[in-house]
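So that the names make sense, note that chain A is the first sequence line, chain B the second, and so on, each numbered from 1.
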Number of protein chains: 2
Amino acid sequence: MIENDIFRALADPTRRSIFEKLANGGKNASELRQGMEISQPAMSQHLAILRKAQLVREERQGRFVNYSVDPKGVTHIAQWFAKYRAFWPARVEALKDLLKEMDQ
Amino acid sequence: MIENDIFRALADPTRRSIFEKLANGGKNASELRQGMEISQPAMSQHLAILRKAQLVREERQGRFVNYSVDPKGVTHIAQWFAKYRAFWPARVEALKDLLKEMDQ
DNA sequence: ATGATACATAAGTGAATGCTTATATGTTGT
DNA sequence: ACAACATATAAGCATTCACTTATGTATCAT
């Protein structure tokens with residue numbers, strides 16, 4: 001189940017910060033490691049988990065593999081999260097209608 | 001870190017379905033167990049984890065403890081998720097402005 | 001072809017996770 | 001006070017997780 005893959009992927013803080021980095025633009029695995037104190041295999045394993053969750057997609061570019069955020073996973077969270085719109089703070093209640101549209 | 005507690009809490013499918021049940025209205029621990037094939041201690045442990053993540057709040061009512069969705073945790077996910085609005089599908093792009101408001 | 005570089009995969013390990021059974025705590029009715 | 005009920009906590013155990021080291025695969029430059 002993809003929903004399970006997504007939440008398991010996001011449960012790890014290292015993977016969340018990788019994902020966050022990619023939200024600022026695509027990067028290859030080596031670039032992602034910069035300033036992160038993480039081994040090459042560990043990064044590769046994290047990326048595989050994010051990929052399986054469709055939170056991230058890969059595109060080979062020669063020796064490098066460029067990673068970027070995959071809207072598929074993001075959309076899936078959006079849909080899951082839309083179920084809880086009733087509990088957002090009052091000032092965001094205006095979102096309701098748009099999100100209701102999204103459910104269809 | 002609360003963000004970590006939230007994502008770890010949601011990583012378990014049993015906890016997500018408990019959370020989902022509560023989104024349809026507050027229930028006590030016994031009611032939550034109905035139709036779930038889960039032991040009493042397991043339910044109690046799951047609720048403790050959801051409570052720590054501020055996804056759920058408790059309110060004692062006599063012998064029972066009524067649980068309901070806590071907007072604090074939900075709001076926190078909303079804020080985290082707002083960072084990735086750029087990757088939502090195009091037809092939801094209209095949400096941008098409202099969510100931008102939310103960031104402040 | 002050969003070496004260097006970028007990344008993936010395999011196998012092993014300690015720590016965390018979700019369950020179990022047993023027991024404790026808190027509340028109600030008698 | 002006491003039994004019954006609702007929930008929480010403790011301790012133990014099997015599985016999962018995130019890492020490690022070692023090795024494999026793919027691409028580039030010479």
Side-chain angles (χ1 to χ4, degrees), chain A residues 1-22 25-70 73 77, chain B residues 1-22 25-70 73 77:
Chain A
M1 203 231 278
I2 185 72
E3 189 173 291
N4 208 51
D5 289 334
I6 291 177
F7 281 107
R8 284 209 170 283
L10 293 175
D12 183 76
T14 303
R15 280 194 292 271
R16 283 200 305 279
S17 58
I18 292 170
F19 184 66
E20 203 149 331
K21 277 194 176 190
L22 289 177
K27 286 176 185 56
N28 60 49
S30 300
E31 287 170 341
L32 278 171
R33 285 182 61 204
Q34 285 171 18
M36 269 206 81
E37 284 214 26
I38 184 174
S39 72
Q40 180 270 314
M43 174 59 79
S44 184
Q45 287 159 13
H46 281 310
L47 287 170
I49 289 168
L50 287 167
R51 214 180 325 129
K52 197 189 170 208
Q54 300 190 326
L55 285 167
V56 144
R57 62 187 168 193
E58 67 176 12
E59 186 188 357
R60 200 165 247 287
Q61 284 178 352
R63 272 186 290 199
F64 299 83
V65 177
N66 201 273
Y67 281 94
S68 54
V69 169
D70 188 340
I77 315 174
Chain B
M1 205 230 277
I2 185 74
E3 190 173 289
N4 208 51
D5 289 335
I6 291 178
F7 281 106
R8 284 209 170 283
L10 292 175
D12 183 74
T14 303
R15 281 194 292 271
R16 283 200 305 279
S17 57
I18 292 170
F19 184 65
E20 204 150 329
K21 278 194 175 191
L22 290 178
K27 286 175 186 54
N28 61 50
S30 300
E31 287 170 341
L32 278 170
R33 284 182 61 204
Q34 285 171 18
M36 270 205 82
E37 284 213 26
I38 184 174
S39 71
Q40 180 270 315
M43 174 59 79
S44 184
Q45 285 159 15
H46 281 310
L47 286 170
I49 289 169
L50 287 167
R51 214 181 325 131
K52 197 190 170 206
Q54 299 190 326
L55 285 167
V56 144
R57 62 187 167 193
E58 67 176 10
E59 185 189 356
R60 198 163 250 286
Q61 285 177 352
R63 272 188 288 200
F64 300 84
V65 177
N66 201 273
Y67 281 95
S68 54
V69 169
D70 189 341
I77 315 172

Would you say B:E31's side chain and B:N28's backbone share a donor-acceptor pair under 3.5 angstrom?
-> yes
Among pairs that include at least one residue of residues 7-20 of chain B, which meet salt bridge (charged side-chain N to carboxylate O under 4.0 Å, His left out), considering only residues two or more places apart or in two chains?
-> A:E3-B:R16, A:K83-B:E20
Would you kindly give the CD-to-P distance between B:E58 and D:dA6, to the nearest whole Å?
-> 17 Å
Overall bend - the helix from C:dA1-D:dT30 to C:dT30-D:dA1, comparing terminal axes fitted on five pairs, nearest 10 degrees | 30°
Which letter, B, S or -, goes with each nucleotide of nucleotides 18-30 of chain D from 5' to 3', with contact meaning a protein heavy atom under 4.0 Å?
-> SBBBB----BS--
Mark yes when over 12 heavy atoms from residues, nucleotides or ligands other than A:K52 sit less than 6.0 Å from its NZ; otherwise mark no.
-> no
Any residue meeting salt bridge (charged side-chain N to carboxylate O under 4.0 Å, His left out) with A:R33, in chain and number order, not counting sequence neighbours = none
Nearest-0.5 Å distance that lies between atom CG in B:L47 and atom OH in B:Y67 | 5.0 Å
What distance separates B:S30 OG from B:R63 CZ, expressed to the nearest 0.5 Å?
-> 10.0 Å
From the 5' end of DNA chain C to its 3' end, which nucleotides mark the outer limits of contact with chain B, defined by a 4.0 Å heavy-atom distance cut-off (strictly under)?
-> C:dT17 to C:dT28
CG-CZ distance between A:L22 and A:F19, expressed to the nearest 0.5 angstrom | 8.0 Å
Have a look at A:R51 and say if it touches a base, only the backbone sugar-phosphate, or nothing, with a 4.0 Å heavy-atom cut-off.
-> sugar-phosphate
Across all chains, not counting sequence neighbours, the salt bridge (charged side-chain N to carboxylate O under 4.0 Å, His left out) partners of A:E59 are none
Under 6.0 Å from the NZ atom of A:K27, do we count more than 12 heavy atoms belonging to anything else shown?
-> yes
Rounded to the nearest 0.5 Å, the CE atom of A:M36 sits from the CD1 atom of A:I18 at a distance of 5.0 Å
Are any of B:Y67's side-chain N or O atoms less than 4.0 Å away from OP1 or OP2 of D:dA6?
-> no
